[in-house]
Structure formats: structure tokens, C-alpha cells
J.: 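A single structure is presented below for examination.
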Amino acid sequence: KLSRIISQYKAEEQKQRSEILEIVNKTTKEQEEKANLEKQLALQDLDDSKAKYEQALIQSVIDLESKADSILFIAAAQLQKLYRGKRDRAAVKKLKKKSKKGKKLKGKKSKTNK
């Protein structure tokens, strides 16, 4: 009877050791999986922060381009204003010269006719 109890005890002990080994193996695998998931999460967080940084850079480039467009628009308007002013002053000067020449000619003709 004692040997039967001892063999049952040994069988139960072996069974419990097997269960403990399974639990240890399962725990080890879960810890490895947890470490891998934490690495993936860290990479995802890094990707998210990079994406936010890149989005901020893109927005700053858009803002700079908008300011540049505004400056170019103002500069183009100023150049047009200068060009048109110069062109119009030249046209007025030319008209004044023509009108002075016309008056001189009329004046000379009227003096010679008298």
C-alpha cells in the first residue's frame, strides 16, 4: 500500500512539474510577445510623431509659399505701376511736344502771312 501511495505521489508530482513547465513556457512566450508588442507600439509612436513633425513642416512650407506669393503679387503690382507710370509720362511728354510743335508752326505761318 505504501508503494502505491509513493507511486501516486510521484505521478502527481510529475504531473504538477509538467504543468509548471507548461506555465513557465507559456509565461516566457507571453513575455516575449509583450516585448515585441511594446517595440511595435514604440515604433508606431515614433511613426506618429514623425508624421506630426512632417505635417508641421508641410504646413510651414505652405505658409511660406503663401507669404512668398503675396510678396510676389505686391512686387508685380508695383512693377506694373512703375511701368505704366513711365509709359504714360512718356506719352504725355510726346503729346506735349507735338502740341508745342503744332503751335510753333501755326505761329510761324501766321507771322509770314501778315
J.: Nearest 0.5 Å please: distance from the OG1 atom of T28 over to the CD1 atom of I23.
T.: 11.5 Å
J.: Between S66 (side chain) and I62 (backbone), is there a donor-acceptor pair under 3.5 Å?
T.: no
J.: Do the non-hydrogen side-chain atoms of L37 and L41 ever get within less than 4.5 Å of each other?
T.: no
J.: Knowing that exactly one of K86, R87, K93 qualifies, which makes a side chain to side chain contact (heavy atoms under 4.5 Å, CB included) with R89?
T.: K86
J.: Looking at NZ of K94 and OG of S99, how far apart are the two atoms once the value is rounded to the nearest 0.5 Å?
T.: 13.5 Å
J.: State whether a side-chain donor-acceptor pair under 3.5 Å links D63 with Q59.
T.: yes
J.: Let me confirm one number: the CG-NZ distance from L43 to K50, rounded to the nearest 0.5 Å.
T.: 9.0 Å
J.: Between the side chains of N36 and E32, does any donor sit under 3.5 Å from an acceptor?
T.: no
J.: Could you grab the distance from atom CG of L82 to atom CZ of R84, nearest 0.5 Å is fine?
T.: 11.0 Å
J.: Looking at R17 and E13, is any side-chain nitrogen of the basic one under 4.0 Å from a carboxylate oxygen of the acidic one?
T.: yes
J.: Rounded at 0.5 Å granularity, tell me how far CD in E12 sits from OG in S7.
T.: 12.0 Å
J.: Nearest 0.5 Å, what's the OH-CD distance between Y9 and Q14?
T.: 12.0 Å
J.: Are side-chain heavy atoms of K97 and K100 found at a separation under 4.5 Å?
T.: no
J.: Can you confirm whether Q8 is buried at CD, in the sense that more than 12 heavy atoms of other residues, nucleotides or ligands lie under 6.0 Å from that atom?
T.: yes
